[in-house]
J.: 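The structure's right below; bear with me while I get my questions together.
Bear in mind that the values here come from a model prediction, so they are computed numbers and not experimental data. Chain A is the first sequence line, chain B the second, and so forth, proteins listed ahead of strands; every chain is numbered from 1.
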Amino acid sequence: MRASQYLIATLKETPADAEIISHQLMLRAGLIRKLASGLYTWLPTGLRVLRKVERIVREEMNFAGAQEVLMPAVQPAELWQESGRWDMYGGELLRFKDRHDREFCFGPTHEEVITNLASTEIKSYKQLPLNFYQIQTKFRDETRPRFGVMRAREFIMKDAYSFHVDDASLEQTYQIMFQAYTNIFTRLGLGFRLVEADTGSIGGNTSHEFHVLADSGEDAIAVCDKYEYAANVELAEARAPAPGTEKSKDLVEHDTPSIETIEEISQYLKVSADKTVKTLIVVGVDGLVALVIRGDHELNTVKAEKHSLIAAPLEFATEQLLKTFLSIKPGSIGPVGLNIPVIVDRSAAALKNFICGANQDDKHLSNVNWDRDTVIEEIVDLRKVIAGDICARAGDDSSDGAKLSIKRGIEVGHIFQLGVKYSTAMNARCLDQNGKAITMPMGCYGIGISRIVAAAIEQNHDDKGIIWPSAIAPFEVVIVTIGYKKSEAVRAKADALYQKINELGIDVLLDDRNERPGIMFADAELMGIPHRLVIGDRGLEKGVIEYKARDKADSEDIPLNKLEQSLATLITRS
RNA sequence: CGGGGUGUAGCGCAGUCUGGUAGCGCACCUGGUUUGGGACCAGGGUGUCGGGAGUUCGAAUCUCUCCACCCCGACCA
């Protein structure tokens, strides 16, 4: 491509509404432009990157035995009513009507469509397993789109769905996809981390996320390097502490006027927060439920919602409810003598002689002990892990390496074992060896294609701009010409080299604009092109061409007569 | 959805409090001088001051209203 005939839409100044570096650089380097909130146009340079990501994903999916299909973006409401998600999905589902007043949605995901297809096309176990994928535009009406294409409303996703005769086959394909994803992110040149995950609204049981670690990431991940454990904090577990061994002391009641928070009570009684508990009253499926966690911990709402006694979505009891049913106000609630189910977090349950509210206004208790003073419904894991917790896989090991740290990540891939949730709802059945109808277990596997472009930039940039991994660079090589218009020698050499590199099948940008060198250098760096060649009279007189790698500080001179071999090694070695 | 904020040229902003000819830098166009790290000189045009309604002799500026966008929180590739 010749720069003089190509849209180099670079910006000198950072647009004011771009918050994170990848968004800023995607605008500045001329990859995208915003049309409306969460909606972006991909410019030629951005589209080149996007297509390269797609190509790698497509190659690895094909290699893993998946077959590409293309489903409609617009889907009839009936399908979603059949799966039950028309009512469940909420405002994120963009719904509309056609001229006949029939209801449709713009697909945020395609379980319904593919399961519908499978139910009509798959008749026998002999056809299984089957894995279909597509690379397609999705729409989710996000409450708050942000960070450019990182959380856009319209975005491009690779989604795959597999169908099986039994769970063993599902497990097998899950492992194959697992490997395919590892290959994809490795080839993309991304530093990524595998993370155990919650299945969320998609449903199912086993699930893993692939995260690109970056400070700007929206997800918090608990990581233990020693046991190779990483989990989304909404799921992460710490090792349950051993029960305390202290001897029980006598219960003491304290007057604690206007003391309502853990911080205040621990200061007032001069004990650390981990010797206190907080009692949270939430709405249960049948009346109120008390959740007790240690004073220094936070409730994990995802874990709480999964408990059979607790209503989902989680709802805290209002002051009005507390007054009506328990005749207390928040600030001095405790587990002692509560006449509702008390569910205790494992860490809180290990405490001896702890401090809690007395269920009387302005009073707290100390030296409380579970077995003596309370009635416990159940001990479960309810809390968010914090940095420094011991890894759940550590057993008795509490060495430093087994401690959890909290890192931030960008979710770029997610794989699920769905089971029969959708195949049951939509009647996707086939015949087994015995001629008996079975409901096919399913898996589903997503990759955020457009998000990967942003994630790659988050991981690969400097103060001058993007530093693309070669595999997804819009151009692999840029030829910067100095005096292209004036110097016959420069023009001849640049044109010849440009043609040569093109013939090698390498994406090359010939900067033949009549610009000053500084502008061309700055643009090449901003756009992150991995290899730069500079052709000018100065070098030609010495018989050399300057070469510089985007990720190296220094340039080197390559003699003209060695150019071809040098280029071949330079470009393949990266 | 709740809370906060912004809307003036393609981009970054000033002007609004205190009503009176719509401005600055960059970018853009023309001519010239330049050409190894975002040049200089001269000339040029940029606009529904987010939309609508109102107050006023007069509104970017005051009032009302609608809209868009951004940031902070609960959801997700």
Side-chain angles (χ1 to χ4, degrees), chain A residues 9-20 23-24 27-28 30 33-39 53 57 89-93 108-110 135-160 181 197-202 207 209-212 217-219 232 234 301-302 305 313-316 409-416 444-455 464-465 480-487 490 513-526 532 534-540 546 548 555:
Chain A
T10 53
L11 304 173
K12 212 166 180 178
E13 284 178 282
T14 305
D17 54 6
E19 185 80 356
I20 61 169
H23 187 196
Q24 293 173 359
L27 291 165
R28 287 229 293 135
R33 287 292 182 265
K34 183 172 73 178
L35 180 65
S37 179
L39 302 175
V53 174
V57 170
Y89 213 89
E92 232 175 79
L93 187 64
T109 175
H110 280 68
I135 294 175
Q136 190 223 27
T137 299
K138 302 279 190 257
F139 192 95
R140 294 185 190 171
D141 200 357
E142 294 280 348
T143 46
R144 187 148 99 85
R146 65 188 123 169
F147 302 148
V149 300
M150 192 78 88
R151 171 168 305 283
R153 292 194 291 176
E154 188 178 302
F155 60 99
I156 297 175
M157 179 171 162
K158 187 284 298 176
D159 47 330
Y181 274 40
D198 185 63
T199 47
S201 65
I202 306 269
S207 160
E209 293 170 350
F210 289 76
H211 281 259
V212 167
E218 290 190 81
D219 292 291
N232 200 307
E234 60 192 26
T301 54
V302 173
E305 278 173 8
L314 191 79
E315 211 181 314
F316 287 96
I410 301 163
E411 185 185 349
V412 289
H414 201 161
I415 58 178
F416 300 81
C444 89
Y445 319 92
I447 288 182
I449 301 280
S450 40
R451 180 179 282 182
I452 282 173
V453 178
K464 293 193 170 119
V480 173
T481 61
I482 294 171
Y484 185 84
K485 200 173 168 188
K486 271 195 172 169
S487 165
V490 167
R513 293 177 294 173
N514 190 29
E515 290 286 356
R516 299 171 64 83
I519 290 177
M520 294 190 277
F521 291 148
D523 280 344
E525 280 155 348
L526 184 56
R532 185 184 80 191
V534 182
I535 298 181
D537 279 325
R538 218 164 78 182
L540 292 181
E546 179 194 299
K548 185 177 171 300
S555 60

J.: What's the closest nucleotide to the side chain of Arg144(A) if the choices are C71(B), C70(B), U35(B)?
T.: C71(B)

J.: With a non-hydrogen cut-off below 4.0 angstrom, is Thr143(A) in contact with a base, only sugar-phosphate, or nothing?
T.: base

J.: Does NZ or CZ of Arg532(A) come closer than 6.0 Å to the centre of the six-membered ring of Phe521(A), within 45° of the ring's axis?
T.: yes

J.: Pick the P atom in G15(B) and in C24(B), then give their distance to the nearest Å.
T.: 15 Å

J.: Determine the interatomic distance between C1' on U61(B) and the same-named atom on G25(B); round to the nearest Å.
T.: 23 Å

J.: Is a salt bridge present between Arg146(A) and Glu19(A), judged by a nitrogen-to-oxygen distance below 4.0 Å?
T.: no

J.: Could you state the CZ-C1' distance from Phe155(A) to C76(B), rounded to the nearest angstrom?
T.: 8 Å

J.: Sticking with atom C1', work out how far G45(B) lies from G7(B), rounded to a whole angstrom.
T.: 24 Å

J.: Find the distance Gln136(A):CD to A77(B):C1' and express it as a whole number of Å.
T.: 13 Å

J.: Measuring only between side-chain heavy atoms, which start at C-beta, is Arg538(A) closer than 4.5 Å to Ile482(A)?
T.: no

J.: At 4.0 Å (heavy atoms only), tell me whether Glu19(A) reaches a base, stays on the sugar-phosphate, or touches nothing.
T.: sugar-phosphate

J.: Could you state the CG-P distance from Leu27(A) to C70(B), rounded to the nearest angstrom?
T.: 11 Å

J.: So which heavy atom on Asp141(A) is nearest to which on Gly91(A), and how close?
T.: CB-O, 3.6 Å

J.: Indicate yes or no for a side-chain donor-acceptor contact from Arg33(A) to the backbone of Leu27(A) under 3.5 Å, with no hydrogens or angles considered.
T.: yes

J.: Please give the nucleotide sitting opposite U30(B) as a Watson-Crick or G-U wobble pair, both distances under 3.5 Å, or none.
T.: A42(B)

J.: For Gly413(A), which contact category applies under a 4.0 Å heavy-atom criterion: base, sugar-phosphate, or nothing?
T.: sugar-phosphate

J.: Work out which heavy atom in Leu39(A) is nearest to a heavy atom in Phe139(A); give both atom names and the distance.
T.: CD2-CE1, 4.0 Å

J.: Should C1(B) form a Watson-Crick or G-U wobble pair with both distances under 3.5 Å, which nucleotide is its partner?
T.: G73(B)

J.: Does Arg140(A) use its side chain to pair, donor to acceptor, with the backbone of Glu154(A) at less than 3.5 Å?
T.: no

J.: With C1' as the reference atom in both, quote the distance from C28(B) to U16(B) in angstrom, rounded to an integer.
T.: 29 Å

J.: When you compare U18(B) with G3(B), how far apart are their P atoms, in angstrom units rounded to a whole number?
T.: 28 Å

J.: Does C70(B) have its OP1 or OP2 closer than 4.0 Å to a side-chain nitrogen or oxygen of Arg146(A)?
T.: no

J.: What is the distance, rounded to the nearest whole Å, between atom CG of Asp141(A) and atom C1' of C75(B)?
T.: 13 Å

J.: Whole-Å distance between U34(B) P and Asp537(A) CG?
T.: 16 Å

J.: In whole Å, measure the gap between the C1' atoms of C49(B) and C62(B) for me.
T.: 16 Å

J.: How long is the line joining CD1 of Ile482(A) and C1' of U34(B), in whole Å?
T.: 14 Å

J.: Can you tell me, in whole Å, how much space there is between the P of G19(B) and that of A60(B)?
T.: 13 Å

J.: From NZ of Lys138(A) over to P of C76(B), roughly how many Å is that when rounded to an integer?
T.: 17 Å

J.: Restricting to ring-ring contact (aromatic ring centres under 6.0 Å, His included), what partner residues turn up for Tyr181(A), sequence neighbours left out?
T.: Phe210(A)

J.: Could you pull out the protein-nucleic contacts involving nucleotides 12-16 of chain B (nitrogen or oxygen on both sides, under 3.5 Å)?
T.:
| from | atom 1 | to | atom 2 | distance (Å) |
| --- | --- | --- | --- | --- |
| G12(B) | OP1 | Ala16(A) | N | 2.9 |

J.: Reading RNA chain B from 5' onward, which residue's closest nucleotide shows up sooner: Glu209(A) or Val534(A)?
T.: Val534(A)

J.: Would you give a per-nucleotide map of nucleotides 37-47 of chain B, 5' to 3', where B means the base has a protein non-hydrogen atom under 4.0 Å away, S means only the sugar-phosphate does, and - means neither?
T.: BBB--------

J.: Under 4.0 Å between any heavy atoms, over every strand shown, what does Val480(A) touch: base, sugar-phosphate, or nothing? Just pick one.
T.: nothing

J.: Would you say a side-chain N or O of Thr301(A) is under 4.0 Å from OP1 or OP2 of A74(B)?
T.: no

J.: Watson-Crick or G-U wobble partner for A60(B), using a 3.5 Å limit on both distances?
T.: none

J.: When the P atoms of G10(B) and G5(B) are compared, how many Å lie between them, rounded to an integer?
T.: 27 Å

J.: Distance check needed: C75(B) P versus Arg151(A) CZ, whole Å only.
T.: 11 Å

J.: If you look at every strand shown and take non-hydrogen atoms under 4.0 Å, does Lys158(A) touch a base, only sugar-phosphate, or nothing?
T.: nothing

J.: Using a heavy-atom cut-off of 4.0 Å across all strands, would you classify Gly483(A) as base, sugar-phosphate, or nothing?
T.: nothing

J.: Mind checking if Ala18(A) touches a base, just sugar-phosphate, or nothing, with heavy atoms under 4.0 Å?
T.: nothing

